[in-house]
Number of protein chains: 4
Amino acid sequence: MKKNIEPCYYGDYLQLDKILGAQALQSEKYGEAAHEETLFIIVHQVYELWFKQVLHELNAVIDTFNQDTVKDQQLPQVVLRLQRVISIQRLMNDQIAIMETMTPQQFLSFRDYLVPASGFQSIQFKRLEISLGLKREFRIDFDQQSFYNRLNDKDRALLEGLEKKPSLFELVDKWLSRMPLLKMEDFDFWEYYKNAADKMLQDDYDTIASNEMLSDIEMRQELKDWQATKDNFDALFDHDQFETLRDEGKFRLSHNALLSALFIKQYSEEPVFNLPFQLITALTEIDEQLTIWRYRHAMMVQRMLGTKIGTGGSSGHHYLKKTTESNRIYLDFFNMATFLLPKNALPELPESVKRKLGF
Amino acid sequence: MKKNIEPCYYGDYLQLDKILGAQALQSEKYGEAAHEETLFIIVHQVYELWFKQVLHELNAVIDTFNQDTVKDQQLPQVVLRLQRVISIQRLMNDQIAIMETMTPQQFLSFRDYLVPASGFQSIQFKRLEISLGLKREFRIDFDQQSFYNRLNDKDRALLEGLEKKPSLFELVDKWLSRMPLLKMEDFDFWEYYKNAADKMLQDDYDTIASNEMLSDIEMRQELKDWQATKDNFDALFDHDQFETLRDEGKFRLSHNALLSALFIKQYSEEPVFNLPFQLITALTEIDEQLTIWRYRHAMMVQRMLGTKIGTGGSSGHHYLKKTTESNRIYLDFFNMATFLLPKNALPELPESVKRKLGF
Amino acid sequence: MKKNIEPCYYGDYLQLDKILGAQALQSEKYGEAAHEETLFIIVHQVYELWFKQVLHELNAVIDTFNQDTVKDQQLPQVVLRLQRVISIQRLMNDQIAIMETMTPQQFLSFRDYLVPASGFQSIQFKRLEISLGLKREFRIDFDQQSFYNRLNDKDRALLEGLEKKPSLFELVDKWLSRMPLLKMEDFDFWEYYKNAADKMLQDDYDTIASNEMLSDIEMRQELKDWQATKDNFDALFDHDQFETLRDEGKFRLSHNALLSALFIKQYSEEPVFNLPFQLITALTEIDEQLTIWRYRHAMMVQRMLGTKIGTGGSSGHHYLKKTTESNRIYLDFFNMATFLLPKNALPELPESVKRKLGF
Amino acid sequence: MKKNIEPCYYGDYLQLDKILGAQALQSEKYGEAAHEETLFIIVHQVYELWFKQVLHELNAVIDTFNQDTVKDQQLPQVVLRLQRVISIQRLMNDQIAIMETMTPQQFLSFRDYLVPASGFQSIQFKRLEISLGLKREFRIDFDQQSFYNRLNDKDRALLEGLEKKPSLFELVDKWLSRMPLLKMEDFDFWEYYKNAADKMLQDDYDTIASNEMLSDIEMRQELKDWQATKDNFDALFDHDQFETLRDEGKFRLSHNALLSALFIKQYSEEPVFNLPFQLITALTEIDEQLTIWRYRHAMMVQRMLGTKIGTGGSSGHHYLKKTTESNRIYLDFFNMATFLLPKNALPELPESVKRKLGF
């Protein structure tokens, strides 16, 4: 086989003529080359290369979940691919420090030439958001407007097409809600769980009510938070109430998917749950890393521009800070600890159930 | 000399009997040892050791600035000490990942035994905040209340004493405002600057007004932001207006200190400004790292507890998120880019001025 | 239950009086306090706290493998604990940068007071090495001598006792070699494998022999390396030859354990192999991180002392560099790629075999 | 001015068509696309982009030092550029973890198609080595051969041209040796220094000789190391002996440059030495980070290939490990602690000297 393979050279293979020939300074076009513009370009190009890699992994994972049935054999691969995405996200977060070696004044020496270019025109980043599950209906008002309004027709069409395809969020939700974890004869798990939860909530209530260190205002706030938690718990056992809260944006996962995820987290040490647990953990981590990225990115933009408007003609760091919390996708996994009960408050899984679960 | 030195042994020197004997599990006291409680204790003890080191550096820097005159010879040391603080902050931020290897369910197995202990009782962290400059008047209402209300009398007294001493923020402000950068005969820097700034603002206005990609709502928001920036610029040249904005919390630095810092940043490449520039940059970075720490910490708490109340009887992550932005100390340095002008819009510093500046 | 729990306070719980009261400067005892000695002490105390945590995890994993049978249900926990060790190792590696904020001259201001203390007296680090599997017979001559000669009787006795207990390496070796992967009727895996390996080796030989860019010397070296690889391959199928190479230190794993590990790596995507694969990967990573730590540590010592002798009366960085490569424990896992064949050169696992493998 | 600037678009500005269109899989050309080949290509392309940025900074620094006189005003910029290089190096070191998310088996699925491409063909990396100062005469034999033998004529010519230009090492050496630190009337620094050094060496000798914990072999080794240190010290004061040691490869810096660097390090807290001290520290750090990169890179290659030959037809990790220590450039700075004396053993700099030093 090897016989027919043509020799491969490093620079040709990596197409370094393209990669290393793609740094044309705007400052040079209009005047003197600004030393730091090279850094600015290269940092963004590196981000785009990583975005391409992240999309490569996400698309492969989406393809897997898009099949009629996900085979057990495919889960290890899915988990490794998502963990690779996390590794890349960590590096991208640290990469912000490289941009911060540029002083605001150095940036000023070429920023006027970049108008109206803007990081908001990164199609790959928008594809990444949509693929993960950040579709139009989940964007806050501000972002629904601005998401599409700096794009040309071709790019807008591409993204609008993507909005119509199932996102990873939707596919994982469907996969979780199909799991046969919820109705098991001979095993009254959810009733058991409800009793244990009620006891825990009562304990929490007593802890707050007897906390002498809280001021009146704080006490009221804490009791309000407690009530919200209780409402969420009640909704776990009441499909209609759950759907109401979901309509209000309190949950994004479907009722069944949330219950399955909760079950998996409660019994995560079971070998049969190991891969689903890793999957849920990986998606939680991806959401956390993306949030950290938005937050650090917002701070970097502020440090570079202060309250000046950005090259795109708007203050980027306002937008970035606003969307840091609102644009979270897998927040239900993140918040799942709300519903977790301690190990010793839970029943041991019966053998019959474990066997049944070999999904 | 060496003759009189007694032999020193590793374990004794580091007092490892104390350090390694200070992990007593609450879970073991009341029942079965929870494996992860050891991690929980050690992670917090490591944080406290780093806090001690950070305070050691900050106090030394405060002592330096607390003298009648800061000697040139002391600035390199001050900068190195602040840079060490930043290195430690970076490590502390990464350390959050260690705590996140504990699952929420593992935490549940011992959290009930910790009531009402809370990270808000870390006296060292509060000392660190106050020493950096986060005194009572700069805390948001919510935090003014809660800052002191979980402490015993001795700790409260200690912190209240510290509130009365000059913080690093105040000392640096004084040091900057004393610099002879502002009134220099024969050099009309600030007039020159004002003209250049007016031109830049006009350009920004035109950029926004002609940005066809903005919706009406966005346009209004952008013009509002622009007006705020313009007001800030105007205040630079009008002491009364500056003081008004400062009273409203728009600035924390005094007028003169802000102008000195701005001058230093504009001419940061001058060797005579190198150390002051490094100092300002280091304080900016300390603020940024502290903000990242608050934000990541808030997320970690949310991941561990969801919306459950914390062991201190309140939802820690609410508090942490609220204070992430509000508790910033050196925000004026952070935002300073607002006022920076490009190199080519600035006059060269006359030799006479440079000589005069040898502070 | 909660009723009987006494209130817990942050500072008491963490025993901060001990932790924060354990920094006594030698420099202060004999003269003026050296500012950086506090850093030196705290950095080492933090390392010792992390060592305690790593030992806590390793001992728990060793206990699990020390049972007659390791239950499937325990593997997820084992993997998570080893992954926690890796997270801590990464942080410890980054922590070296904190020590490097101390200049060599700052170190000089107190190093004379530390004689003859030395990091080689860290009992916890030695316990960690022995527990992982770095027992006396695997240390290089130089290290066999120096490992025990700075310790007091009690510490030496403790470590010598530990040498007699099974290490994690030995336990994992036993666990792997017991796996029923090697003799499966109706499935001629190893014969299949041998044929594929022979073909690959022949291809490699041809690649080298036809590489016109190699000088004569390089060619000879490459062919020698190829022959060594071939000998290793041959040993896979010949128990006696394997034992000979093992006696020469070319392998540390037993023959059966190596074959099991190879099988698992070849079919790592099988769900049934997922946890064993993660276990092997984690041990590989622990070895890599430990090696990086030794290497970076050696460089830090060299940077701090140059070729001066250390406080322990010997040049630490010589020792550290010498042991960086020689003291590797799970090198066989690390080198396992030597024997891997591409997916398409391997047979699909028959269903009957998969079922049988449900260990 | 802005009026004449054409609108700039994000994707065009970054030439994303080139950047994102430069990933052509060899596996796809000859068979089925290997999922991980995309990662392999992108990781290497990102490295090449960073290499371009590092070269951009190094070349600017070289240009600065290549002038007849380096202006004070240029030193802050030089230091910031070298610190940026360090930030990038740290990120590149962490990036190795991304490659390690690829399993050896995944690599096997396309490595045969890459023959004989090899990372040794990275011209940018070779330029980086030569520019820093790793010229032919400082390479070990093995590397002198292999450095040029995989290149085409054009690339070889380019590098051989670069070998003839002054490297950063040579320029910094010249800059240091021109400093007027060495002959100062009325200030007998070097005699003072010699006496203090002799005393320190005698103390070290006594410490070793009285160390009862050393075995005979260790004692001999330590005394041999001590003698080597003493010889180095003696050479500081004896130009001929220094040149002899330099010819033997014990030093790379010229005699005068080493003495200047030593002087700067001894008095690094003097503001006038602050920038030169930062420069020396930055070059030390660049060398350390490069060494860590080589070491981690070697381990990654070994983990991926074991002892198999690489695609370039040779075992890369052998080469990489061999060159890790031998290819160090600024080792004299790294080892400088050898010669440092404690602050209290040094004379205060006379005012007259400080004034004179305003270089």
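Residue numbering restarts at 1 for every chain, and letters A, B, ... go by the order of the sequence lines.
- Contact of C:Gln278 with chain A is made through the side chain alone, with heavy-atom distances under 4.5 Å.
- For C:Lys174, the NZ atom counts as loosely surrounded, since its 6.0 Å shell holds 12 or fewer non-hydrogen atoms of other residues, nucleotides or ligands.
- We find the CG-CG distance between A:Asn274 and C:Leu275 to be 4.5 Å, quoted to the nearest 0.5 Å.
- Counted within 6.0 Å of CD on A:Glu191, heavy atoms from surrounding residues, nucleotides or ligands total 12 or fewer; the atom is thus considered open.
- Heavy-atom distances place both the backbone and the side chain of C:Gln73 under 4.5 Å from chain A.
- Applying the side-chain contact (heavy atoms from CB on, under 4.5 Å) rule to C:Met219 yields the partners C:Ile208, C:Leu214, C:Leu223; only residues at least two apart in sequence or on another chain are considered.
- For the atom pair C:Thr281 OG1 and A:Leu80 CG, the distance stands at 8.0 Å (nearest 0.5 Å).
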